[in-house]
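To keep things clear, I will list the structure first and then write my remarks on it.
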Protein chains: 2
Amino acid sequence: MGKQVTEMLKGTLEGIVLAILAIRPAYGYEITARLRDQGFSDIAEGTIYALLVRIERRGLVDVEKIPSEKGPPRKVYSLNAQGREYLEEFWRTWSFLAERLEQLREGGN
Amino acid sequence: MGKQVTEMLKGTLEGIVLAILAIRPAYGYEITARLRDQGFSDIAEGTIYALLVRIERRGLVDVEKIPSEKGPPRKVYSLNAQGREYLEEFWRTWSFLAERLEQLREGGN
DNA sequence: CTCAGCTATTCAGTGTTGCTAGATACCAGT
DNA sequence: ACTGGTATCTAGCAACACTGAATAGCTGAG
């Protein structure tokens, strides 16, 4: 997609990844692949890894290193209590924004 | 609001302002005030002015300088054809993102 | 055995964006 | 003169996603 998506992802991509981790633990490569499947066709791998480092540093996830049979060891991330809390706040923020935009969309046409 | 909103606004604030201008022409101070009324309680004025400069430079709006009775002259911005096109693309992008997030929200709980 | 190709992670450098914190300017009322 | 509301602009900052690469383990083709 275009530059528009890129800019819109700022701030939401983090929530998206947390939401994915809320379903079940996952590692970077897997998350990227799942995102691509879901239509985010050109999210850069580097972006995801950087994001994972960030949320780990903030204590939103727990990490476990697990050997892979197909390559180097995987770093499996799982959402912890703090992460779940943060995710809920993310949803509230998102709802707020989505409501405002829906209003604008209707009012503006 | 918090840092979360700030990051989420990146990329969407532009669309929001364009959507406001789609309803009717407006100037910076007015746009800021309207946003505050609509719940974006702490969007910085400087942000809006910078954004307006940007979308003008990209040719999405037309500008007209109109004297004010209450202060310095106003720069009234109105959406032109190119801006309307861009706004439509913004809505498409937004819809894409909103759908994905709605899916995640349901699936993830 | 070597090389391509998939898996898996990391990192330095870049551009865009919104915020901070001011400065500037016009006008009315005290 | 001074305060306060109106109105715009700017330089410097922080956060984020992207680019483009490097590194590393494993498998199968040649």
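Computation of the quantities below employed the complete heavy-atom set of this structure, encompassing side-chain atoms and omitting hydrogens, waters and symmetry-equivalent molecules. This structure is a prediction, so every number in the text was calculated from the model and none was measured. In what follows, every chain begins at residue 1, and chains take the letters A, B, ... in the order their sequences are listed.
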> Rounding to a whole Å, what distance do you find between A:Tyr49:OH and D:dT19:C1'?
Replying inline: 16 Å

>> Take a 6.0 Å sphere around CD of A:Glu102 and say whether it holds more than 12 heavy atoms from other residues, nucleotides or ligands.
In response: yes

> Are OP1 or OP2 of C:dT7 and a side-chain N or O of A:Tyr29 less than 4.0 angstrom apart?
Replying inline: yes

> Below 3.5 Å, does any donor atom in the side chain of B:Lys10 face an acceptor in the base of C:dT16, or the other way round?
Replying inline: no

>> With a 4.0 Å limit, can you tell me whether B:Tyr27 has a side-chain N or O closer than that to the phosphate oxygens OP1/OP2 of D:dA7?
In response: yes

>> Any salt bridge linking B:Glu89 with B:Arg84? Criterion: basic side-chain nitrogen under 4.0 Å from a carboxylate oxygen.
In response: no

> Any idea which of D:dC16, C:dT9, C:dC19 is nearest the B:Ile43 side chain?
Replying inline: C:dC19

> Taking the side chain of B:Ala44 as heavy atoms from C-beta outward, which of C:dA8, D:dT19, C:dC19 is closest to it?
Replying inline: C:dC19

>> Just N and O in the side chain of A:Thr6: are any of them under 4.0 Å from OP1 or OP2 of D:dA17?
In response: no

> What is the distance, rounded to the nearest whole Å, between atom CG of A:Leu9 and atom C1' of C:dT16?
Replying inline: 13 Å

>> Tell me whether B:Lys10 is salt-bridged to B:Glu7, with the criterion being a basic N under 4.0 Å from an acidic carboxylate O.
In response: yes

>> For a quick check of understanding: with a heavy-atom distance under 4.0 Å over all strands, which category does B:Glu14 fall into, base, sugar-phosphate or nothing?
In response: sugar-phosphate

>> Distance check needed: D:dC16 C1' versus A:Ile16 CD1, whole Å only.
In response: 13 Å

>> Distance check needed: D:dA7 P versus B:Glu45 CD, whole Å only.
In response: 10 Å

> Which part of the nucleic acid, if any, lies within reach of A:Gly46 when heavy atoms closer than 4.0 Å are counted: base, sugar-phosphate only, or nothing?
Replying inline: base

> Between C:dT16, C:dT10, D:dT8, which nucleotide has the shortest distance from any of its atoms to the side chain of A:Glu7?
Replying inline: C:dT16

> Which atoms form the tightest heavy-atom contact between B:Phe90 and B:Ile16, and what is the distance?
Replying inline: CZ-N, 4.4 Å

> Which nucleotide sits closest to the side chain of A:Thr47: D:dT8, C:dT17, D:dC18?
Replying inline: D:dC18

> Under 4.0 Å between a side-chain N or O of B:Ser68 and OP1 or OP2 of D:dT6?
Replying inline: no

> Rounding to a whole Å, what distance do you find between B:Glu30:CD and D:dA7:P?
Replying inline: 9 Å

> Do NZ/NE/NH1/NH2 and the carboxylate oxygens of B:Glu69 and B:Arg74 come within less than 4.0 Å?
Replying inline: no

>> Categorize A:Glu69 for me: base, sugar-phosphate, or nothing, with a 4.0 angstrom heavy-atom threshold over every strand shown.
In response: sugar-phosphate

> Quick one: are B:Ile23 and A:Leu104 in side-chain contact, heavy atoms under 4.5 Å?
Replying inline: yes

>> If I take atom CD in residue B:Glu56 and atom C1' in nucleotide D:dT8, what distance separates them, rounded to the nearest angstrom?
In response: 13 Å

> When you match B:Val53 and B:Pro72 each to their closest nucleotide on DNA chain D, which lands nearer the 5' end?
Replying inline: B:Pro72

> Looking at D:dA7, C:dT17, D:dC18, which one has an atom nearest to any side-chain atom of B:Arg54?
Replying inline: C:dT17

> Checking all strands, does A:Arg57 fall into the base, sugar-phosphate, or nothing category for heavy-atom contacts under 4.0 angstrom?
Replying inline: nothing

> Is the base of C:dA8 touched by the side chain of A:Lys70 through a donor-acceptor pair closer than 3.5 angstrom?
Replying inline: no

>> I need the NZ-C1' distance between B:Lys75 and D:dT10, as an integer number of Å.
In response: 13 Å

> Rounded to the nearest Å, what distance is computed from the CD1 atom of residue B:Ile48 to the P atom of nucleotide D:dT6?
Replying inline: 17 Å

> Between B:Lys3 and D:dA14, is there a side-chain N or O to OP1/OP2 distance below 4.0 Å?
Replying inline: no

> From the list D:dC16, C:dG18, D:dC9, which nucleotide is the closest neighbour of the side chain of B:Tyr77?
Replying inline: D:dC9

